[in-house]
Amino acid sequence: MGKETLTLVFLLVSGLLFGSIIGEILSPWLPFLTKSKEITWSPAADLEILKYDLNFQVKLNLASIGGLALAFWIHRRIK
């Protein structure tokens with residue numbers, strides 16, 4: 001992976017976290033920002049000699065999507 005890809009991933013994750021934090025701060029006044037939807041993926045296998053069970057979960061809300069959009073905009077401005 002190149003430097004630009006790592007920068008994009010870092011900015012997007014930071015934007016999601018920043019948006020979620022801002023949403024929690026503003027939730028007493030704007031409660032619709034924290035209504036979230038969960039996306040889960042749970043791959044699993046039992047191959048007799050190898051068994052695994054992974055759980056991935058993403059909770060998206062309006063504030064985190066706004067932070068994601070802001071992070072993408074910042075990445076475009078940096079580029």
Side-chain angles (χ1 to χ4, degrees):
M1 269 196 293
K3 181 181 176 186
E4 188 173 323
T5 305
L6 290 174
T7 303
L8 175 63
V9 169
F10 175 74
L11 282 173
L12 292 178
V13 170
S14 298
L16 284 170
L17 290 173
F18 178 73
S20 292
I21 291 169
I22 295 300
E24 288 296 321
I25 291 170
L26 296 176
S27 66
W29 300 283
L30 303 168
F32 65 90
L33 289 178
T34 56
K35 300 288 184 194
S36 62
K37 202 67 163 159
E38 293 181 7
I39 301 170
T40 58
W41 180 48
S42 301
D46 186 2
L47 306 172
E48 293 298 322
I49 59 169
L50 177 67
K51 181 177 182 178
Y52 68 89
D53 184 15
L54 300 172
N55 293 315
F56 297 101
Q57 180 181 23
V58 177
K59 289 176 73 174
L60 293 175
N61 58 31
L62 193 57
S64 64
I65 292 172
L68 188 68
L70 178 65
F72 186 73
W73 180 78
I74 290 171
H75 180 262
R76 298 279 295 180
R77 297 285 291 176
I78 289 173
K79 212 167 101 173

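In terms of heavy-atom proximity, Trp29 sits nearest to Ile25 at CZ3-O, 3.4 Å.
Under the 4.5 Å side-chain heavy-atom criterion for ILVMFWY residues, no single connected hydrophobic cluster contains both Phe56 and Leu60. Connection of Leu70 to Leu68 is not established within any shared hydrophobic cluster, with ILVMFWY side chains joined at heavy-atom distances below 4.5 Å, either directly or through further cluster members.
Distance check: Thr7 OG1 to Glu4 CD gives 7.5 Å after rounding to the nearest 0.5 Å.
Listed by chain and residue number, Phe72, Lys79 satisfy the side-chain contact (heavy atoms from CB on, under 4.5 Å) test with Arg76 (two or more places apart in sequence, or in another chain).
Counting only residues at least two apart or on different chains, the side-chain hydrogen bond (donor to acceptor under 3.5 Å, both in side chains) pairs with a member in residues 63-72 are Asn61-Ser64.
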N/O donor-acceptor pairs under 3.5 Å from side chains in residues 8-20, not counting sequence neighbours:
from: Ser14; atom 1: OG; to: Phe10; atom 2: O; distance (Å): 2.8
from: Ser20; atom 1: OG; to: Leu16; atom 2: O; distance (Å): 3.1

For residues 38-45, which side-chain N or O atoms pair as donor and acceptor with protein atoms under 3.5 Å away, sequence neighbours left out?
from: Glu38; atom 1: OE1; to: Gln57; atom 2: NE2; distance (Å): 2.8
from: Glu38; atom 1: OE2; to: Gln57; atom 2: NE2; distance (Å): 3.4
from: Ser42; atom 1: OG; to: Asn55; atom 2: OD1; distance (Å): 2.9

